[in-house]
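Written below as structure tokens is the structure these notes are about.
Worth saying up front: this structure is predicted, and the values here are computed from it rather than measured.
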Amino acid sequence: MIKNFFNISDLDKEKILTILKSEKKSKSLQNKHIGLLFEKYSTRTRLSFAVGISDLGGNVIDIRLDDLNISRNESFEDTFRAMDCYLDGLIYRTSDHQKLVEAAKYFNKPIINALSDISHPCQALSDLFTIQEHFNSLEVNILWMGDMNNVCYSLVEAANIINDMNLIICSPKSIINEKNWHKNTNVNFTNDLSNIDLSKINCVMTDVFVSMNDEESNEKVSVLKSYSVDSELMSKTSEKCIFMHCLPAKIGLEVSEEVFRSNQSIVWRQAYNRMVLQKKLLQFINW
Ligand code: CP
Ligand code: NVA
């Protein structure tokens, strides 16, 4: 059991595997009041948590940022101290990862990171579940194409922990150099697809070129254009290769319409599994 969940690295391999295989216990959140605080847009994360919490017998409090006194200059500290008086836990999406760390100083109950500028651990955990469900194994070779963002970072953390999984990140040199993430034997980085033996790839993943936290940049999009996932790329991968995307997608940019709507694309199962995984995760939190 854990208290806060900010990054995949808050878990070890044993804990991850325990969460993935856990069964639903229907009343596990009975009498628990859990707040959803989202500073940024969300469809899947907000809804899957809301339904997941209700399904486990908990009470969901949808906190509207604009309605809080923090919008009238009550301090961040006092806002989280006040929430601590009433809530048993928080699901918090923020544009600044440091705010999660700061919030935990004043809010003494569990906080789950529902996406920050640098980390999206619930997505990565759920994607591990989807991969295991599909291949009946986590021994897969994943190719991540495009931007190196919060989702990619959590996937790298997951691959570092699940060492039977191989991950190759294919991204422009400027982005790889800027991020400078820790290399591991099973996590590799390249800016050139021709360096990769695509016939061994079982799963191609991508995400938007411009994340919510990024400034719109035509320059970044044009650098990333040659890293989009299309049918030509997919045709060179292994026979049963799947395509995954955390969504929302910009079809025609990071992925072609043909790939997005193909039989290889499991994006809707992936989205559905967000709810399956949220329930497993919620049961692993020490409320
Ligand atoms: N994948 C994901 O987190 O989607 P939302 O932004 O819609 O929650
Ligand atoms: N990288 C994306 C993920 C959205 C779920 C973003 O931060 O906007």
TODO: Assess whether side-chain contact (heavy atoms from CB on, under 4.5 Å) is satisfied between V187 and W181, documenting all intermediate values.
DONE: CA-CA 10 Å; V187 180; W181 291 343; over 6 Å; no
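- Cation-pi geometry between R81 and Y106 is not met at under 6.0 angstrom from the ring centre and within 45 degrees of the axis.
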query: Stepwise, does the side chain to side chain donor-acceptor pair (under 3.5 Å) test hold for N195 with T190?
result: CA-CA 7 Å; N195 291 333; T190 180; 2.9 Å; yes
- Item | Pair E258-S231, side chain to side chain donor-acceptor pair (under 3.5 Å): steps then yes or no | CA-CA 7 Å; E258 202 180 354; S231 300; 2.9 Å; yes
Q: Test D62 against R46 for salt bridge (charged side-chain N to carboxylate O under 4.0 Å, His left out), laying out the working first.
A: CA-CA 9 Å; D62 209 353; R46 185 196 282 275; 2.6 Å; yes
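- The minimum heavy-atom distance between I2 and D10, with the atom names listed, is CG2-O, 4.2 Å.
- Residues M212 and L247 do not share a hydrophobic cluster, clusters being chains of Ile/Leu/Val/Met/Phe/Trp/Tyr side chains in contact below 4.5 Å.
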message: Please evaluate residues K280 and E23 with respect to the criterion salt bridge (charged side-chain N to carboxylate O under 4.0 Å, His left out), reporting the C-alpha separation (whole Å), side-chain torsions for both, the decisive distance (0.1 Å), and the verdict.
response: CA-CA 7 Å; K280 292 174 184 285; E23 301 281 336; over 6 Å; no
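- Here the options are T94, L115, T45, L65, the test is side chain to side chain contact (heavy atoms under 4.5 Å, CB included), and the partner is K40; only L115 passes.
- Each of L90 and F5 belongs to its own hydrophobic cluster when Ile, Leu, Val, Met, Phe, Trp and Tyr are linked at side-chain heavy-atom distances under 4.5 angstrom.
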request  = Start with the C-alpha gap between S194 and D192, add the side-chain angles, then the distance that decides, and say whether side chain to side chain donor-acceptor pair (under 3.5 Å) holds.
outcome  = CA-CA 5 Å; S194 66; D192 187 352; 2.8 Å; yes
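- Note on I53 and M83: separate hydrophobic clusters, where clusters join Ile, Leu, Val, Met, Phe, Trp and Tyr whose side-chain heavy atoms are under 4.5 Å apart, directly or indirectly.
- When each of K27, K25, K279 is tested with D55 by the rule salt bridge (Lys or Arg N to Asp or Glu O under 4.0 Å), just one qualifies, namely K279.
- Scanning all heavy atoms of the two residues, the minimum distance from G146 to L224 falls at C-CD2, 3.5 Å.
- Looking at S265, its side chain never comes within 3.5 Å of a backbone N or O of R261 through a donor-acceptor pair.
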Exercise. E102 and K99: salt bridge (charged side-chain N to carboxylate O under 4.0 Å, His left out), yes or no, with the steps?
Worked result: CA-CA 5 Å; E102 206 48 30; K99 283 166 90 175; over 6 Å; no
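- Residue L29 is tested with L56, N59, V60, D88 for a side chain to side chain contact (heavy atoms under 4.5 Å, CB included); the sole match is L56.
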- Task: Start with the C-alpha gap between D207 and K250, add the side-chain angles, then the distance that decides, and say whether salt bridge (charged side-chain N to carboxylate O under 4.0 Å, His left out) holds.
- Result: CA-CA 9 Å; D207 188 9; K250 287 257 168 119; over 6 Å; no
Worksheet entry | side chain to side chain donor-acceptor pair (under 3.5 Å) evaluation trace for S199 with D197 | CA-CA 6 Å; S199 67; D197 181 358; 2.6 Å; yes
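- There is no path of hydrophobic side-chain contacts, each under 4.5 Å, that joins I285 to F80.
- Here the rule is side chain to side chain contact (heavy atoms under 4.5 Å, CB included) with T130, and of V267, L277, I266 only I266 fits it.
- Closest of all the heavy-atom pairs between L125 and L20 is O-CD2, 3.8 Å.
- The two residues I118 and Y153 come nearest to each other via the heavy atoms O-CD2, 3.0 Å.
- No continuous path of hydrophobic side-chain contacts links V223 to L253 [ILVMFWY only; heavy atoms under 4.5 Å].
- Ring geometry for F76 against Y92 counts as tilted: the plane angle lies between 30° and 60°, on a 0 to 90° scale.
- Pairing each heavy atom of C170 with each of L143, the nearest pair is CB-CD1, 3.9 Å.
- Side chain of S238 to backbone of I201: a donor-acceptor contact under 3.5 angstrom is found.
- Annotation for D214 and F209: closest pair OD2-O, 4.2 Å, computed over non-hydrogen atoms.
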